[in-house]
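Some notes on the structure that comes next.
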Number of protein chains: 2
Amino acid sequence: MAKNASSSKPVAVRQRGVTMSDVAKHAGVSRTAVSFVLSNRENASISEETRARIAEAVQALGYRPNAGARALASQRSDWYGIVTEIVTAPFAVDIIKGAQDQAWLDRRFLLIAPSDQADALGPNQGMEDAATEKLLEQRVEGLLYAATYHRGVHVPESANEVPTVLINCFDADGRLPSIVPDERAGGRVAVERLLQAGHRRIGVINLDPDIPAAVGRVAGAREALADAGLELDPELVVAGYATADGGYDAACQILDRYPAKERPTALFCLNDRMAMGAYDAIKERGLAIPGDIAVIGFDNQELIAAYLRPKLTTVALPFEKMGALGVQTLAALTAGQPITADQQLVDCPLLERSSV
Amino acid sequence: MAKNASSSKPVAVRQRGVTMSDVAKHAGVSRTAVSFVLSNRENASISEETRARIAEAVQALGYRPNAGARALASQRSDWYGIVTEIVTAPFAVDIIKGAQDQAWLDRRFLLIAPSDQADALGPNQGMEDAATEKLLEQRVEGLLYAATYHRGVHVPESANEVPTVLINCFDADGRLPSIVPDERAGGRVAVERLLQAGHRRIGVINLDPDIPAAVGRVAGAREALADAGLELDPELVVAGYATADGGYDAACQILDRYPAKERPTALFCLNDRMAMGAYDAIKERGLAIPGDIAVIGFDNQELIAAYLRPKLTTVALPFEKMGALGVQTLAALTAGQPITADQQLVDCPLLERSSV
DNA sequence: GCGGGGTAGTAACTCGCGTTACCTTCAGGC
DNA sequence: GCCTGAAGGTAACGCGAGTTACTACCCCGC
């Protein structure tokens, strides 16, 4: 509207809008020359002197390229999109951080589109579809889908139009490359640590046994025990809600079931929140951590693990690395490289603190 | 490159790229007509029948507008940018959530640019400047700066080119509108709650006394006491590191300094992490919460406050609302409305749980 | 039968930039 | 004296839309 103000005041010409043409005029060359210099085309023949003049003009005028126009003309956008419920439920926010950092390194922009967790990545995906659509309107060159917790998801149809990578979740139909934590190895490393500390009788505070995290972690625990010639006593595996209260209840059950001599000397809690509750149960009974009962967690939720007293030894979910890997994988895909693996497992490192 | 494949295979015409012209052709009208219909111009005269034909063509072809082209032509982008260290240090991630949600409601896109906390919003702002510059290249119509904790900041020069709003921080030079929590009212409400529960002798576990959060919250506490005819006993105010350990140490000092009779019956912890440590100190001494000692926190870090046992009564930092308000303020500014207030204070509501 | 005024729609220009094709100048070789 | 080739550029088109100015048609009243 109102290019030359027929309205009232003769406002300053136009605050924004130093274009390449302006730079060209200032430098006394053609716009094409400016374009060549700015996009650093080696094969174009522009004398050093002209280059310098142009650079000086850019400086003088405070020229700033218009990313949209550039994308339009060059038919590429330098943007990836990520649609995620993490913004809503920030448990796994480090995925975004990892992805952002990697994108930034690659000189790319990450458009973050939120999705409600309510219907997120599930069968009825109102917001999902809208978000995906919006991102495609921005002409993103690739899509990431990230979930707060490891699970199977359904991705909107339109995601098929550009390369797509799943982070911390996997495609129920198995079509899309995905990046997930190596839960099994994580469970193994946790129990190995307890075994190494001399514990033979180990209680497990389990999540909902059906979710991928639980399946993997328990399987890993079983493997570690088997390697030591031990078996996982089903009686010592107690499931509970994935909260501090759930952990408290489960820990009480395990601790109170046996006389002191037969009581497990260590608890493997499948997440840190439950470990937080287990701490309470243990302390209430006058037992010391790790003296009487060692505790090991999972997830490495800093706010809990680093602040519990004693600090909680736990297995970290490699969120940040997963985010970065997601962007890298996407970069490979958009560059036309074939997918190396359908599902990439990322290591869950053990973080030693003071509870074992 | 390679528009019509001189390379090898005659690939499908072009996966992406149904344009308005295609739609127009399919509907048997001019591109202009399509544009008019899609942008819903009421004054344009297009018959209902033609409108329907166009809508049908859009459907049939799966047309998706090109946001970049639209922005270029219309000279407006529908984008706001937010540069923030929150991605790096996700303490205040709800600011992003609030801003995202509000932006989404307003049909706008929020470009999130990360900034290292190391030099974030401080005097030497490498990443800051780069992020701001990148956002301006995208032609964002407004900028938000968000900090993880309430403090004064310096904003890059170039931010002056578009409307700018600060969230959870304020401009050291006082030029930019900002949105910050009402720390003072928060401190007041916390102590009022303790007074109402009958406590007269209240210990305060303080942060670094110089930061805005501490100044405000303590001032508010003092006010509440004054209203009740009491004074804040300087001996009962102990500062510590803003961690669980810091809270533990401070709580020990306060609790051990007096014989049981003179001991404070309530602790106001200026953040939840310190409250977490205070819990330990109290429990260690065989005291009950809230029976012997009531505890009230600040910040409402869900992961702590909702999972401590007993659950922590605390004052919430209204991050989400601040984010939303930031976007709203920006919307007002970009719409040309004058700024109503330099600094908007947002209420910190009391969250009753079980520790008082 | 002619002007006026609405209705329905289109041609053409623009936004800022990438890119291809072409043009000029000058030096060197035969 | 003519041709060739490189250096140093420029004109012009296209990307996908928004927007303005203008045309063509029809109905109505006088």
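When reading the values below, keep in mind they use all heavy atoms of this one structure, side chains included, and skip hydrogens, waters and symmetry mates. Throughout, a chain's letter reflects where its sequence line sits, starting with A, and its residues are numbered from 1.
Picking from dG16(C), dT19(C), dA17(D) the nucleotide with the shortest atom distance to the side chain of T19(A) gives dG16(C).
Not counting sequence neighbours, the partners of R41(B) by the side chain to side chain contact (heavy atoms under 4.5 Å, CB included) test are F36(B), S39(B), N43(B), A44(B). Partners of T50(B) by side-chain hydrogen bond (donor to acceptor under 3.5 Å, both in side chains), not counting sequence neighbours, listed by chain and number: S47(B). Under the salt bridge (charged side-chain N to carboxylate O under 4.0 Å, His left out) criterion, E133(A) pairs with R64(B), not counting sequence neighbours. Take E49(A) and apply the salt bridge (charged side-chain N to carboxylate O under 4.0 Å, His left out) test, not counting sequence neighbours, and it matches R53(A).
The distance from atom CZ of R139(A) to atom P of dC17(C) is 20 Å, rounded to the nearest whole Å. Per the geometry, CZ belonging to R76(A) stands 22 Å off P belonging to dG14(D), to the nearest Å.
Look at R70(A) and you'll find a side-chain N or O under 4.0 angstrom from OP1 or OP2 of dG18(C). Put simply, S35(B) has a side-chain N or O that comes within less than 4.0 Å of OP1 or OP2 on dG18(D).
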For residues 164-172 of chain A, please give each side-chain donor-acceptor pair under 3.5 Å, one per line with the distance, not counting sequence neighbours.
unit_1: T164(A); atom_1: OG1; unit_2: A159(A); atom_2: O; d: 2.9
unit_1: T164(A); atom_1: OG1; unit_2: V162(A); atom_2: O; d: 3.0
unit_1: N168(A); atom_1: ND2; unit_2: A147(A); atom_2: O; d: 3.1
unit_1: N168(A); atom_1: ND2; unit_2: T148(A); atom_2: O; d: 3.3
unit_1: D171(A); atom_1: OD1; unit_2: D173(A); atom_2: N; d: 3.1
unit_1: D171(A); atom_1: OD2; unit_2: R175(A); atom_2: N; d: 3.0
unit_1: D171(A); atom_1: OD2; unit_2: L176(A); atom_2: N; d: 3.4

Could you go through residues 21-33 of chain A and list every donor-acceptor pair under 3.5 Å that involves a side-chain atom there, pairing it with any protein atom two or more places apart or in another chain?
unit_1: D22(A); atom_1: OD2; unit_2: T19(A); atom_2: N; d: 2.9
unit_1: S30(A); atom_1: OG; unit_2: T32(A); atom_2: N; d: 3.4
unit_1: S30(A); atom_1: OG; unit_2: A33(A); atom_2: N; d: 3.2

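The C1' atoms of five pairs define one axis at each end of the helix from dG1(C)-dC30(D) to dC30(C)-dG1(D), and these two axes lie 70° apart (to 10°).
The closest side-chain donor-acceptor pair between S115(A) and E85(A), if any, does not fall under 3.5 angstrom.
Sorted by first and then second residue, the side-chain hydrogen bond (donor to acceptor under 3.5 Å, both in side chains) pairs involving residues 95-113 of chain B (not counting sequence neighbours) are Y80(B)-R108(B), K97(B)-D101(B), Q102(B)-D106(B), Q102(B)-Q328(B), R108(B)-E141(B).
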Pairs under 3.5 angstrom, nitrogen or oxygen only, protein versus nucleotides 6-13 of chain D, please.
unit_1: dG8(D); atom_1: N7; unit_2: S45(A); atom_2: OG; d: 2.6
unit_1: dG9(D); atom_1: OP1; unit_2: T50(A); atom_2: OG1; d: 3.4
unit_1: dG9(D); atom_1: OP2; unit_2: S47(A); atom_2: N; d: 3.2
unit_1: dG9(D); atom_1: OP2; unit_2: S47(A); atom_2: OG; d: 2.9
unit_1: dG9(D); atom_1: OP2; unit_2: T50(A); atom_2: OG1; d: 2.5
unit_1: dT10(D); atom_1: OP1; unit_2: S30(A); atom_2: N; d: 3.3
unit_1: dT10(D); atom_1: OP2; unit_2: S30(A); atom_2: N; d: 2.7
unit_1: dT10(D); atom_1: OP2; unit_2: S30(A); atom_2: OG; d: 2.5
unit_1: dA11(D); atom_1: N6; unit_2: T32(A); atom_2: OG1; d: 3.0

